[in-house]
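Note on naming: letters A, B, ... go to the chains in the order of the sequence lines (proteins, then strands), and numbering restarts at 1 for each one.
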Amino acid sequence: MSSGDETRKLQHQKMSSDLDTLQLPISGHREKLINAVKKYPILIVTGETGSGKTTQLPQYLHQAGFAKHGIIGVTQPRRVAAITVAQRVSEEMNCQLGRGVGYQVRFDDCTSEDTVIKYMTDGCLMREILADSKLSRYSVVILDEAHERSLNTDILFGLLKQFFHRKCHGKRKATLKVVVMSATLEEKKLSEFFDSCPVYVIPGRTYPVSTVFCNLIGPEDKESSAYVKDVVKVVIDLHTNEPAGDILVFLTGQIEIEKACDLLYQKAEAIDYNYDMQDRSLEGLLILPLYGSMPTEQQRKIFQPAPPGLRKCVVATNIAATSLTVNGIRYVVDSGFVKQLSYNSRVSMHILEVVPISKSEALQRAGRAGRTSSGKCFCIYSKEFWKKCMPEFTVPEIRRTSLTSVILTLKCLEIHDVIRFPYVDKPEERFILEALKQLYQCDAIDRRGQVTTLGKLMIEFPLPPSLTRALIKAASFGHESILLPLAAMLSVENVFIRPGHPDKQQAAILKHQELATKVGSSNDFATLLHIFEECKASVSPSSWCRDYFIHWRALKSAFSVETQLQDILTRLKNNKDFPVEQFSGSRSELLRRCLCSGYFMNVARRSAGKVFCTMDGHGSVVHIHPSSTLFEQEFQLDWIIFHEVIVTSKVYVRIVCPIRYEWVKDLLPKLHEIDVYDLSNVARHEMAEEEVVKLEIPERKDSADSQEGAWGKLQKRNDDRSIMDARERYLQRRGIRKKGSETANQEP
DNA sequence: GAGCACTGC
């Protein structure tokens, strides 16, 4: 059951009596469930939405005496879910939240010595395991929402499986109980993973949802960009022909959603007008966009019921599939696409792209229509598209993401054989090797794969290794105050607001430029630091944000992150192993030199025109993103470092600053010392004796090296089509490139 | 001359 479901249930049940709790589908299974947990060390419990497993099972186990020799811990993939469920259960158990029933999420620990049932995020349990690998406080660990396959839950699966397989845990093995709770579909795979452990099925209570294939998208339209129009058409048809009931539309991003809402708004008015002329009554459409970067108060609007005579139509991203639940939805319109981040380990690049959803995800989306009554799901795609283009299951996060932090965590838990670690879905070996390489490069592990003193310091920070390395460098100089706010700013959502209206858009751009100018318009990192400091120092930080088109919500969380990082650092600085160095130079140089020590794998040098070439051994061609303050200043630049790469119409680097070659000269050879494939021995916990290869700085190309040529070379050099393919698909989607055209190597 | 889905420590 997802967090939203819990919220819904919360609202729903508050009005009803305890009788309703007794009538939950799970209540008839109380004794059998208790006996199953007693009998088996690991048990899988599946149940559809509304079965009550999240709120009731921990209480049953508590009543059966499982909390006598330890606490009952329940993990959730999201913060809100952990908090709202804990609230609900504390009410049901008639105790004060934080006493008998508590929760722990980042920045908010609401537990006490009396806590016997503890809800928490899976990330929190991971942190706890780092301090106590035997989880000695717990009698039962329940991993909820297992079907979502979040990165942390997947790692917890492997750790718990290993826990029961290892000989060293002795008595502890007999006392710890593990329950994995999941929606149906994935339970077979999970059961096999846990040595064919039993699966307990609780029937759900949902209503039937019929599916209509509208056949507007077929297998040949995998890269179609026209589906916003199709979605709008389906919504209008539905609105005119189907009886009352609210609509939920799934699209992929902010821009699409705004476009769809505009079209709907025009057309809905047209319908009203036409029907008025014919003197027929038709309820209007209340159109509500919904996406993550929207202000929270605006998001709340979707929870209000539509005024009488109006039909609510929520046009949302995937946020409506897991994080937020809209009540009373009777119709779902599914575009069949989702925006997904994937990682290309060969060139160390993240690609954010629109891809067809999986069949299981499509069923989840459709299910949103059957919560309060029977419903209908209109898929804009055809049955053929379903069969040919949609995979059975979504690729789990662990196979789509950079694994540096995960691998360092495993190493810190003394799991050195990171390749043969029991993964439910094993990541490709090169993902693991790339992670090891990066950890070696930032001195978190040594050549034998052992965690270094620095690595042990780094694991304490909830940051990517590169950023942690920069932070520790600054702290070793005694100047952490320059890196702490920056690390915080880089950990939160994008702080710059991009308004929808063209007028406001221009005003926002000017205000953002003003902020960049104050630090000399030459360093995006310094701009972020400046924003943090200015905002914090202002009389009213929230109105400061409004004036400068900055997300106040993002800044608020940056302030919390900075405090947390400061606390961790203060604790670690007492450690005798904490490095101490001297630095004399300007603030600007200090900042950039610290960044270099963490981001030297993200160094690029201008090769020709506005084209840069990365120095990480891949030699990828990159451009400065237009959102950077250094955009169109390329000719004045030579060496740069960047925070991240994004592949859209070109391979762009975002958040950039110029550096001097001398600052990275001694660091760059490290990038070429170890070949990824030599690391497989290290991964398997054997010694590796690689030959050290000296770095060769590529000669700067003359201006004759056109962009066209550079693209061609990138393609050959990397021998990797996926980045180019992603770019092609992007261009096709935006209608810049026609399907099947042979112009991949040409730059406009 | 773009345009970032979502979540977590």
Legend entry - Out of dC9(B), dT7(B), dG3(B), whichever nucleotide has its closest atom nearest the side chain of Ser323(A): dT7(B)
Inset, instruction - Report which part of the nucleic acid Gln104(A) touches: base, sugar-phosphate, or nothing (heavy-atom distance under 4.0 Å, all strands). - result: nothing
Inset, instruction - From the options Met126(A), Met181(A), Met120(A), select the one residue that forms a side-chain contact (heavy atoms from CB on, under 4.5 Å) with Thr75(A). - result: Met120(A)
Legend entry - Arg79(A) side chain near dC9(B) phosphate (N/O to OP1/OP2, under 4.0 Å): yes
Legend entry - Candidate nucleotides dA5(B), dG1(B), dG8(B), ranked by approach to the side chain of Arg78(A) - the nearest: dG8(B)
Legend entry - Short side-chain N/O contact from Thr121(A) to OP1 or OP2 of dT7(B), under 4.0 Å: no
Inset, instruction - In whole angstrom, give the distance that lies between atom CZ of Arg365(A) and atom C1' of dA5(B). - result: 10 Å
Legend entry - Whole-Å distance separating the CG atom of Leu408(A) from the C1' atom of dC9(B): 13 Å
Legend entry - For atom CD of Glu256(A) and atom C1' of dG3(B), their distance in whole Å: 12 Å
Legend entry - Atom-pair distance (OH on Tyr652(A); C1' on dG1(B)), nearest Å: 7 Å
Inset, instruction - Could you tell me the separation between the CG atom of Leu151(A) and the P atom of dC6(B), rounded to a whole number of Å? - result: 19 Å
Inset, instruction - Take the protein atom NE2 of His623(A) and the nucleotide atom C1' of dG3(B), then report the distance between them rounded to whole Å. - result: 17 Å
Inset, instruction - Look at all strands and tell whether Glu632(A) reaches a base, only sugar-phosphate, or nothing, counting heavy atoms closer than 4.0 Å. - result: nothing
Inset, instruction - Using a strict 4.0 Å threshold on nitrogen-to-oxygen distance, state whether Arg78(A) and Glu148(A) make a salt bridge. - result: yes
Inset, instruction - Please report, rounded to the nearest Å, how far the P atom of dC6(B) is from the CD1 atom of Ile257(A). - result: 8 Å
Inset, instruction - Give a yes/no on whether any side-chain N or O of Tyr291(A) is located under 4.0 angstrom from OP1 or OP2 of dA5(B). - result: no
Inset, instruction - Flag the pair Phe559(A) / Phe532(A) as yes when their ring centroid distance falls below 6.0 Å, and as no otherwise. - result: yes
Inset, instruction - For Thr317(A), answer base if it contacts any base atom (sugar-phosphate contacts may also be present), sugar-phosphate if it contacts only those atoms, and nothing otherwise; contact means non-hydrogen atoms under 4.0 Å. - result: sugar-phosphate
Inset, instruction - Using salt bridge (Lys or Arg N to Asp or Glu O under 4.0 Å) as the criterion, list what pairs up with Glu514(A), not counting sequence neighbours. - result: Lys511(A), Lys518(A)
Inset, instruction - Spell out, as yes or no, whether a donor-acceptor pair under 3.5 Å connects the side chain of Lys573(A) to the backbone of Ala475(A). - result: yes
Inset, instruction - Could you please name the option among dC6(B), dG3(B), dA5(B) that lies closest to any side-chain atom of Leu352(A)? - result: dA5(B)
Inset, instruction - Please check if the side chain of Glu397(A) supplies one atom and the backbone of Arg149(A) the other of a donor-acceptor pair under 3.5 Å. - result: no
Inset, instruction - May I ask you to evaluate whether Ser627(A) reaches the phosphate of dG3(B), defined as a side-chain N or O under 4.0 Å from OP1 or OP2? - result: no
Inset, instruction - Select base, sugar-phosphate, or nothing to describe what Leu341(A) touches, counting heavy atoms under 4.0 Å on all strands. - result: base
Inset, instruction - Find which nucleotide of DNA chain B each of Pro462(A) and Glu644(A) is nearest to by heavy atoms, and output the residue with the more 5' nucleotide. - result: Glu644(A)
Inset, instruction - Rounded to the nearest angstrom, tell me the gap between atom CG in Leu290(A) and atom C1' in dC6(B). - result: 12 Å
Inset, instruction - Looking only at side-chain atoms of Gln254(A), point me to the closest of dC6(B), dA5(B), dA2(B). - result: dA5(B)
